Every structure is written in C-alpha cells, then in structure tokens.
Amino acid sequence: MDHHRPTYHLCPPANWMNDPNGAVQWKGQYHLFYQYNPNGAFSATKHWAHAVSPDLIHWEHLPIALTPEPGSYDKDGCFSGCMVVHNGVPTIVYTGVRPEVQCLATSSDDLLTWQKHPANPVLDESSCPLKVKTFRDPFVWKETDGLWYMAVGSGITGRGGACLLYRSADLLNWEYMHPLLVDEEASTGLVWNCPNFFSVDGRHVLIVSGQPVWKPFYWSGGYEDHHFTPQTSGLVDYGGCLYAALVFNDEAGRTLFWGWIWESRPDDEILQAGWAGAMALPRTLFLNEDGTLGARPAPEVEALRKRQVIHTSRVVAEGQTHLENAGGASLELRVRFSPGQAKRFGVSVLGAADGSEQTLIGYDVERREVFVDRREAGLRPTMAFNWPNPDYHAAPLDLAAEEALELHIFVDHSVVEVFANQGRVLSSRVYTRGPESVCVGLFAQGGECQADLLEVWEL
Ligand code: FRU
C-alpha cells in the first residue's frame with residue numbers, strides 16, 4: 001500500500017497523469033479529461049483519459065477518449081486542449097503532435113467515444129507571421145459576435161512567452177489575428193503552455209504556464225477590440241507543485257479551475273508506485289479589488305467531511321504543540337489566527353509524534369507572506385523548479401495590523417493544498433517517512449498568538 005497516494009483527489013487509477021483537459025457539463029454531469037500515458041508512470045505518448053462526476057468530487061473513470069493514431073497528425077500525442085459545444089455537438093479541440101497542429105474530435109454518444117474530424121488538422125502555424133517555438137494547447141470561447149476565438153500557447157523566438165489569438169465561424173477555418181500577449185520577461189518563461197482566457201468579476205484574465213520556469217502565471221486587465229491590456233499579474237498558485245490550469249464556466253455561472261499537481265519524488269519511486277500526478281481540488285476563481293486573482297475550494301468539497309474532530313479556539317503560546325485526537329493524513333482544517341506578538345505562526349501537518357518531521361503552514365509577519373515550509377518534511381522533495389528554496393514556498397500577502405490570518409488547508413496523504421486570505425493558494429507535495437507521521441499542531445515563534453477558530457474534519 002502506497003501511503004503517499006491521495007484518497008479524495010482525482011488521480012489516475014494507474015500510470016501517468018498531467019494537465020486537466022476539456023472540462024464540460026453535459027446532461028447533468030461534469031466531465032473532466034486529462035493528459036494520460038497508459039503505458040506507465042512516466043511522461044510519454046499522451047492520450048486523453050476521461051472521468052465523470054455528478055458533483056465535482058466523486059469521479060468515475062471512463063474509457064480513454066483520445067488515442068494517438070500511428071502514422072497520422074497526432075501520432076506522437078494528443079496534447080492538451082478544451083471542449084466546446086458547437087451546434088449541439090460536443091467537440092474537443094486538441095493539439096496533435098509532431099509538428100504541433102490543432103485538431104477536432106466529436107462525440108455522438110454522450111462523450112463516451114470520439115471521432116477525429118476528417119478535416120484534421122484544422123490549424124497549423126503557417127498562417128502566423130511570427131517565428132514561433134511551440135504551437136499548442138488551444139483554448140476556445142465564443143464572443144457576442146457569434147464567432148469562436150482560440151488562444152494558442154506559444155513562444156516567439158528572440159522575445160518570450162506568447163499567446164496567439166485566432167478566430168473562426170465554424171471551428172474548421174481559422175484566421176490569425178495577433179498575439180493576445182507576449183512577455184519579454186524570461187521570468188515568465190520562453191514558451192507558454194495551456195492558455196486560458198476568460199472574464200471574471202468585471203475584468204479579463206489570461207492564465208498560462210511558463211516553460212522552462214514551470215510556474216502558472218496570470219494577468220488581469222481590460223479586453224477591448226480583441227486586445228488585452230494587462231494591469232495586474234501574479235501566480236495562480238504559489239506552492240511550486242501546480243502547473244497547467246484549466247478554467248471552465250459551469251451552468252451556474254461559476255469560474256471553475258483545475259490544475260495538475262505533479263509528483264516531487266524521484267523517478268524510480270514514481271515508477272515503483274505505478275501512478276503519478278493528482279488533480280487539484282476544484283476551485284472557484286474571483287478577483288480581489290486590487291485586481292489580484294484569488295481561488296477558493298468549490299463548496300462541493302464540503303461533501304467530503306466525515307466527522308468534525310475539533311471545534312474550538314485557544315491561545316497559541318510561543319513554541320509548538322500537537323493537537324490531541326486531531327491527526328490524520330486525510331483532513332480539512334480551518335484556522336483563524338489573530339496576530340498577537342508572534343512573528344511567525346501557523347499550523348503543522350504530517351508531523352511525527354517525536355517531532356522528527358513536519359510541514360509548517362503559516363504567516364511570516366516580517367516577510368509579509370503566507371508559506372508552506374517543508375524543510376523539515378520527512379523525505380526531501382526533488383522537483384521544485386526555479387524557486388529560490390525548493391522546500392520553502394510563499395505567496396505575498398499584506399495583512400493589515402489587526403487583520404486575522406485565515407487558513408483553509410486540505411491534507412490528502414502526499415498532497416497539501418492551502419488557501420489563505422484573498423484567495424492566495426499554495427499546492428504542495430509532502431512525502432512522509434511513514435504512514436504514522438500524521439500529527440497536526442499549532443506553532444508560534446517570537447511571541448504568542450490566538451487561534452480564534454480552529455476546526456478540523458476527517459475527510
Ligand atoms: C504542459 C504540457 C502541454 C502539453 C501537455 C503534454 O504540461 O506540456 O503543453 O499539451 O503537457 O502532455
């Protein structure tokens with residue numbers, strides 16, 4: 001039994017998972033597809049796997065939806081993409097490789113089997129006058145003019161990450177328009193994967209995942225005459241373990257978000273475990289007043305609560321304590337801290353009873369950031385690209401002097417998702433030395449503080 005395997009996150013039954021793809025609500029059910037290698041827990045020839053859920057939480061695996069066709073335009077992979085319903089027909093828009101080209105597939109049996117379109121590929125890079133490095137991960141939406149618009153992830157040689165804009169009346173014939181955004185800052189990557197472009201709370205938001213920096217970025221701003229003017233930017237997730245977002249407006253008008261949470265352990269351990277990758281819990285997105293993007297767990301996640309084990313408030317003295325009867329590897333915690341004198345305070349999870357390992361989640365008053373600190377976590381992670389410290393991840397968060405810190409934490413074996421004020425999120429991976437490292441505690445450094453509210457549920 002692999003004690004690192006999550007129990008309530010969507011994971012592949014076996015083998016390799018990466019990006020979420022093609023979310024749709026169809027006849028009362030949510031369908032989510034994802035990048036999948038059926039031949040092992042390593043990244044190779046990508047298929048589209050398929051899962052269905054009545055409630056965003058309980059998923060059933062369905063047969064593979066898209067398989068690369070030897071000798072054809074998608075022989076080397078059916079890469080990421082999206083789903084639209086065109087004239088009543090569910091239509092997948094995906095990237096065939098290699099070279100990277102955009103393709104369609106349709107279903108006439110409620111999304112179970114898929115027919116690749118005879119006109120494939122429907123778009124290659126030849127109509128784009130720029131010298132592009134990659135050309136993939138189509139994201140398609142309809143505007144009030146009745147036309148389809150497509151954002152394609154790319155990078156322009158000598159410049160930087162780019163998102164290219166196209167339009168079409170029929171999904172078959174695409175006209176190149178212009179880049180929706182190009183960023184010459186190498187810090188956001190040389191190429192962009194998995195663009196998403198949508199409106200939320202009165203602004204437009206572009207999300208991309210940048211290579212080779214392996215981070216999910218967003219910009220929020222205005223969109224007029226098909227030109228995007230970014231005003232505010234940041235990371236969609238600050239935990240160092242989430243990449244490749246998928247945003248989808250459901251029938252209730254919510255802006256739902258999924259992302260791929262990757263493994264952070266060595267390849268041989270992943271191969272031995274036989275599975276890799278987890279989907280972040282479904283989130284809803286919103287904009288703060290300053291234009292920063294925030295996320296919360298979708299309310300459906302509450303259905304996972306089995307038993308509330310703690311509901312209390314208490315003073316957190318300087319130092320660290322374990323909570324009695326509140327341990328577990330499958331937990332939800334809500335904690336509200338009033339600052340007090342402490343310079344650093346928060347919650348510890350996945351701790352050993354003797355204190356020899358733990359992961360700290362909290363707020364640093366001087367650095368003004370909410371953090372996940374896994375420097376004392378059992379097995380040291382190996383994969384956290386391009387962060388100053390691969391075992392310490394933080395999101396900027398300017399709390400006012402008397403403002404409480406709100407932490408909403410999900411622990412699912414090796415997956416830890418942390419939501420804080422203003423919808424800052426950090427997704428992390430923690431591999432404890434053994435299944436018994438499940439202690440939960442509170443800590444305060446440099447003074448005491450107060451946990452006004454402390455709730456823990458077993459999930
Ligand atoms: C991002 C990505 C995408 C691509 C897919 C292939 O993780 O590289 O750009 O479509 O994964 O699996």
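Every number for a ligand or one of its atoms is a count from 1 in the order of the listing. Given the structure is predicted, the values throughout are model-derived calculations rather than measurements.
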Gln211 contact mode with ligand 1 (heavy-atom cut-off under 4.0 Å):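 Looking at Gln211 and ligand 1, no heavy atom falls under 4.0 Å.
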Thr95 contact mode with ligand 1 (heavy-atom cut-off under 4.0 Å):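 Under 4.0 Å from ligand 1, Thr95 contributes no heavy atoms.
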Give the atoms of ligand 1, by number and element, whose distance to some non-hydrogen atom of [X] is under 4.0 Å.
X      : value
Ser80  : 5 (C), 10 (O)
Lys46  : 12 (O)
Tyr243 : 1 (C), 7 (O)
Asn18  : 5 (C), 6 (C), 7 (O), 11 (O), 12 (O)
Asp19  : 1 (C), 2 (C), 3 (C), 4 (C), 5 (C), 7 (O), 11 (O)

Residues Asp2, Trp275; criterion side chain to side chain donor-acceptor pair (under 3.5 Å); working and verdict: CA-CA 10 Å; Asp2 178 6; Trp275 65 278; 2.7 Å; yes
Validation row: Leu459, Phe410 side chains within 4.5 angstrom (heavy atoms):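 They are in contact (side-chain heavy atoms under 4.5 Å apart), so the answer is yes.
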For [atom], what's the nearest protein heavy-atom neighbour? Residue, atom name and distance, please.
atom                   : value
atom 8 (O) of ligand 1 : Arg136 NH2, 3.0 Å
atom 6 (C) of ligand 1 : Gln35 OE1, 3.2 Å
atom 9 (O) of ligand 1 : Asp137 OD2, 2.6 Å

Asn120 vs Leu104, side chain to side chain contact (heavy atoms under 4.5 Å, CB included): CA-CA, chis, key distance, verdict: CA-CA 7 Å; Asn120 280 347; Leu104 306 179; 4.0 Å; yes
Pair Thr95, Gln102: side-chain N/O donor-acceptor within cut-off below 3.5 Å: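 The criterion, which ignores hydrogens and geometry beyond distance, is satisfied for Gln102 and Thr95.
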More than 12 heavy atoms from other groups under 6.0 Å of CZ on Arg296: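 Not buried by this count: 12 neighbours or fewer within 6.0 Å.
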Residues, nucleotides or ligands: over 12 heavy atoms within 6.0 Å of Lys75 NZ: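 Buried by this count: over 12 neighbours within 6.0 Å.
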Heavy-atom pair with the smallest gap, counting every atom of Gly277 and Glu263: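 For Gly277 versus Glu263, the nearest heavy atoms are N-OE2, 2.8 Å.
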